[in-house]
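Only one structure is covered here, and it is reproduced in the block below.
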Amino acid sequence: IASVLHKLSHENTQLHREVENFPVLLKEAIKRTGKQITEALSEVNENSKDLIRRYRKEMKLRKKYHNELVELKGNIRVFVRARPKISEDGLNPKMSVSYDVNDDSLIYVSNQQRGRNQSFDLDRVFSDTSSQQEVGGLSGWLIQPEYLFYLGQFCFILSIFAYGQTGSGKTYTMEGTQEEPGINQRALSDLFKMVEERSLDWDYSVSVSLVEIYNETLKDLLTTKHEKLEIKMNADGTLFVQRLTILPVKDLNDVNRAFEFGRSNRATASTNMNEHSSRSHAVLMVTVAGTNKTTGVQTMGKLNLIDLAGSERVSKSGASGDRLKEAQNINRSLSALGDVIHSLRNKQSHVPFRNSKLTYLLQDSLSKDSKTLMVVQVSPVEKNSSETICSLTFAQRVRLVELGQATKKTK
Ligand SMILES: Nc1ncnc2c1ncn2[C@@H]1O[C@H](COP(=O)(O)OP(=O)(O)OP(=O)(O)O)[C@@H](O)[C@H]1O
């Protein structure tokens, strides 16, 4: 019994010690496991960080290849800009537009009818917080030295279109304000810089015309005469507008003065300038004719700045009478623009340029030897989401167009 008691007492002491040590062991075990979990987590973290890094790299590469593809295959770029909310949107409006933090070519719009977000993939998306400077930088894609070179030395047409529903920010982005100039001002100032830089070897003459298309009728905004304008074709297949004023200009100030005159001319013909301007297309055509001082080679280039009339859904706005007629003409010409672009994309032998005055006038600008930048403006608020979806659907359709490679053309 004594030996059994001794053994039991020994075991009891050992158990006692183990019980005493248990919290320490447990603490150590917890610490060890915690360390293992932390290590495992940080490995996962590192992996996911690496994945995000690789994803971003892939996105950059994808964009680079896409850009190269566009350069190789086509000359049209589509940018989207959402304007910020404004007082007209009401107090605390519900927003419908969102962006992808990792990919600046994606924009999402909440589609109330389908009850989900619809995504659109464009060349570049500018959010509602983007600055004029950031957006203005995009004209750099169009007005690059090599294209300026084209513009000055080959027949090459550059066009900037602004598309979007009424009040979506087209004028703000294109014209901007005195303090915050828009794309047009930047593009034109780049153009005159180029002319200056090449003036040692080339004699350039720059001229402007300003045409308004209202209810399928062309109007010369640089004259107060009201002559009927007709689009005619030269023997070489190029287009011109008969009797259109062609005003020689020396610098950006001259262009702005001409533009101001056109603007006041447009306003006097209408009781409400803003109302009227959003119901008509305005096309500013800048022509650069060059003669090489040594060789005598003559060249021609054009820069078109096009402020399209606001796209609007007649069923929603409930327009009637003259307003309905205007809206129908606008929608017809914008859809003709879409059809032309669609035919070009599908490389159809017949492109329906003549279906509207807008596409007929811009035939050259949408054909080969041209480079086009389309800025699609959208409103960020939910009450406009169906118009936003329509505009972005149009934008995506345009983006897939291939205009073909430019060919060198000198006289
Ligand atoms: N990025 C912006 N930042 C600040 N205000 C803006 C911006 N974009 C647009 N706005 C404001 O929103 C309003 C509508 O813009 P804007 O007149 O440019 O639209 P629009 O599309 O040209 O309209 P319309 O088709 O009627 O001519 C203006 O008051 C303008 O100042």
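Note that the structure is predicted; figures quoted are calculated from it, not measured. Heavy-atom basis, side chains included; hydrogens, waters and symmetry copies ignored. Whatever order the structure lists ligands and atoms in, that order sets their numbers, starting from 1.
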Quiz item: Can a non-hydrogen atom of Q165 be found less than 4.0 Å from any atom of ligand 1?
Solution: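 Distance cut 4.0 Å: Q165 passes for ligand 1.
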Self-check item: M174 touching ligand 1 at heavy-atom level, < 4.0 angstrom
Solution: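 M174 does not count as a contact of ligand 1 under the 4.0 Å cut-off.
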Nitrogen or oxygen of [X] less than 3.5 angstrom from that of ligand 1:
X	answer
G310	no
R83	no
I86	no

Non-hydrogen side-chain atoms of [X] and [Y] separated by less than 4.5 Å:
X	Y	result
V135	T173	yes
L337	F394	yes
M95	E382	no

Quiz prompt | Qualifying residue, where the test is side chain to side chain contact (heavy atoms under 4.5 Å, CB included) with I231 and the options are K357, R354, Q363, Q242 | solution =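 Among K357, R354, Q363, Q242, the one meeting side chain to side chain contact (heavy atoms under 4.5 Å, CB included) with I231 is K357.
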Quiz item: Quick one: are the ring centres of Y108 and Y99 less than 6.0 Å apart?
Solution: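 No, they do not, as the ring centres are separated by 6.0 Å or more.
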Exercise. Only heavy atoms count here, so choose which of S127, G164, G169 is nearest to atom 19 (O) of ligand 1.
Key: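 Among S127, G164, G169, the closest heavy atom to atom 19 (O) of ligand 1 belongs to G169.
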Practice problem: For atom 2 (C) of ligand 1, state which one of A82, S168, P84, S280 supplies the nearest heavy atom. | Solution: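 Of the listed residues, P84 has the closest heavy atom.
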Quiz item: Does S130 approach ligand 1 within less than 4.0 angstrom via side chain, backbone, both or neither, non-hydrogen atoms only?
Solution: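 No part of S130 is near ligand 1 at this cut-off.
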Self-check item: For F192, all residues meeting ring pair (Phe, Tyr, Trp, His ring centres under 6.0 Å), sequence neighbours excluded
Solution: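 Residues passing ring pair (Phe, Tyr, Trp, His ring centres under 6.0 Å) with F192: none at all.
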